[in-house]
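Residue numbers run from 1 in the order of the sequence given.
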Amino acid sequence: HWFNSYTTLPMSLSPFFGQLIGDRLAGMWSAMGSFSPVFVFEFGGGTGMLARDVLRHCREEYPKFYEALANYVIGERSAALRDAQKRTAAEFYSNGKLLIIDADARHASRLRDMVPRKSNDINGFVLSNELLDEFDPIKLRLFWSLGYPPSANQCKTCSNFRESYVLHFIDDAALGAVLHAYAERTGVSSTSEELAAIRWEGSSLTCGLVNTRILRKLMAEVAERLPFAERLQCTPMQLCCLPFLLAVDSLMQYDHSSLRASNVERKRATLRELTRRYRSSARSTNATVPLAKERYRELRRYATLLGPEVEQSLLVGGSALPGRMHSAEIFLKLSDERCKELSGWRKRAAVRHSTMAMLRGLTAPGFDRAGQDHSTEHLKLVVRPGEAQFVRETGKLLDEGFMLTLDYGADAEALAWQSLVHPHYEGIHTMDARVEFAAECTQASYLACPGLQDLTTFVDFTEVAEAGRDLGGWSIVAYGPIFLLEAPSFDPWIPSQLSHLIERAGGARTVGMHSWYRKAEGEQWASFKVLLQHRGFRGANWTLGTPGLGWPLQGSPDLLAPPSECWDTDITKPPLAALITGASRSGPRLGSDVAILSEAFAEVVERRQGLQGRVDEEHRDQQQAYRDLHLAMVLVDYLVQLAHGEGLNLCPVAEYASREEWLAAVRTLAHARRLPDLHGEEMFDRVLNGLGEAGFGDVRALGRQSDPYICMVASAREAAS
């Protein structure tokens, strides 16, 4: 039951998904000149099912590629998963074709010295499936004074950014009770010594975060305003560090520049407000002990051993303990190390962040901050430095080849819009929790019950692509929904036609297969994507289908336009964002993109009555649009198959009789493969008829305001002709 969120496509669609990947690897290898030796490196290989299925398929269907394959290498840092991979793919591990190496993807280049090879060059492929979202995320906020959004140059510096820190602390009585109960259960002694050590560590942890010149000065100034008895509570420190940090953080959310105030009156007002907030935080954290990360984990293990009632009381409160754990989030200035680590990301995203800040500043008063007295505005951002590290390291690992990345996520424009239209969204997505704690954990906060719920963040594919170009020499081959891997089924570098998953499986007989075609994901704009990148000279002419099938990943921001001018709606952005960008294109407007979007933003949200209903409708339309697109791509594949087999004319302009002949043939083939049963007769007929009217007809007549599936499939058919 707990495993639900951790089932990936290679598992739910095994062995057919692995076969699909094997087909694409063989095609790319052929485009690169069918060289030998070739290597495949997979990072984040899970249980080894993808490696096993790919190797089995290539051994049976592409024996020359399999023979040229020196090694399929899994780089895996988990000892438990390495053992599982050896068991799952034992037939290939035992004969030496599969190597399983202890390695971190963020240091991928180290594998160059760990694989046996006869030449200096290493050419081939890098695979990752749901790896990037496992890299540690960093939550940031970009602050600025109200009315003065930062410029692109300012966004390149660290001065306006703050980083999230999560502080865990526990009621002192609960800490003592857990340690005492654990000692009784296990026979461990020295409970008082461990209690004293945890208290000292907690004090050192929070006071270490205060150890900056500005905060030390502020602490002294606040202490001067307190009576002597209050200053004695946390001696030898002037103040208690935990409530002081919480007070500073809450004040910064209100006015991020207040701590640097030079005006005497403003400085006095800041100190009065900070003192008030400190006293409030001191009351709420009185008799609590901050916890270092390892101590937090240790106490969680103790509670688990002591039983479910103790565990529940420790996490969410209950009768088994005289108190519980707590978590709080604060935002502090970037450390020098973090500032340096994120320098490349800030430069690549500076223009986008500045544009977002300008739009946020113009729209916030009428959207979510109306009537509130504040002097600070901010954007919520999430970045994973591991993404840039990975593409840099894989560029060092492979001299020439392709990198195939599969994960949940979206482009930077879509993620920017998610932050803009959901200003209270923290960038953390909660997948599942243990059912007994759902109300207290999942529905409460992502900060509640760490370890009992699956937390994830969406991959920024624009950052992966841009960092790959800058750091690893990777160029973009294709990007879009993951089902682009399935169609078109004709790869000119492979002699035989490729099968769709439904044909490989003999029908949609499993939940996984239904999900693949019926798009069960809740947020289609952030659903499973594929990014294909290439470096070197060989294979540079290989493509995944036609250019019209892919979506652009642009370095410069474009918050207004959809990927194609042909589309009547933008299915790549969150639903509310799609409504706003659609309204911005509904008529003639003057000004910059930011001004146009700000005007459209105001128009959409002013009609608050019924807004949620329109957003829900847009969400349903997006889900349907993805289903339509996937079905249409399969149908146009059938058209190409029939044309190649029967010698039909696939010129861009076709007579009515020819179109009717194509439609009838495609309908017959689709019925034989039970696509109407899978999708429903109504949807199947609508999509096929839509293709007959446009996509199978004069593709040059297509203009704006067409369904995305018609635009993309028409482009693919025109290229195929």
Relative to the ring of [Y], is the ring of [X] parallel (under 30°), tilted (30 to 60°) or perpendicular (over 60°)?
X: Y408; Y: F528; result: tilted
X: F390; Y: F135; result: tilted
X: F461; Y: Y479; result: tilted
X: F483; Y: H630; result: parallel

Is there a side-chain hydrogen bond (donor to acceptor under 3.5 Å, both in side chains) between W525 and Q418? Walk through the geometry before answering. CA-CA 10 Å; W525 65 272; Q418 178 73 351; 4.7 Å; no
Under 3.5 Å, is there a donor-acceptor pair between the side chain of [X] and the main chain of [Y]?
X: E76; Y: D83; answer: no
X: Q623; Y: Q524; answer: no
X: T88; Y: Q85; answer: no
X: D104; Y: R106; answer: yes
X: R535; Y: L398; answer: yes
X: K529; Y: S527; answer: yes
X: W474; Y: A465; answer: no
X: R112; Y: N120; answer: yes

Would you say that more than 12 heavy atoms from the other residues, nucleotides or ligands in this model lie under 6.0 Å from the [atom1] of [X], or not?
X: R117; atom1: CZ; answer: yes
X: N95; atom1: CG; answer: yes
X: R77; atom1: CZ; answer: no

Evaluate the side-chain proximity of [Y] to [X]: yes if any heavy-atom separation is below 4.5 Å, no if none is.
X: H514; Y: L678; value: yes
X: V126; Y: F43; value: yes
X: W345; Y: E387; value: no
X: D568; Y: P708; value: yes
X: S94; Y: K86; value: no

Passing candidate, side chain to side chain contact (heavy atoms under 4.5 Å, CB included) with L531, options I476, V459, I482: I476
Establish, yes or no, whether a centroid distance under 6.0 Å links the rings of F92 and Y72. no
Taking the six-membered ring for Trp, are the ring centroids of W542 and F402 within less than 6.0 Å of each other? yes
Charged N-O contact under 4.0 Å between [X] and [Y]:
X: D628; Y: R686; value: yes
X: R56; Y: E91; value: yes
X: E466; Y: R348; value: no

Run the numbers on R384 and D460 for salt bridge (Lys or Arg N to Asp or Glu O under 4.0 Å), then give the verdict. CA-CA 9 Å; R384 277 177 298 274; D460 180 351; over 6 Å; no
Derivation of the side-chain contact (heavy atoms from CB on, under 4.5 Å) call for F17 and D53: CA-CA 8 Å; F17 187 79; D53 293 345; over 6 Å; no
Where do R673 and L669 land on the side-chain contact (heavy atoms from CB on, under 4.5 Å) test, with the steps shown first? CA-CA 6 Å; R673 293 172 179 178; L669 184 56; 3.7 Å; yes
Output for pair (N71 CG, K97 NZ), nearest 0.5 Å, gives 7.5 Å
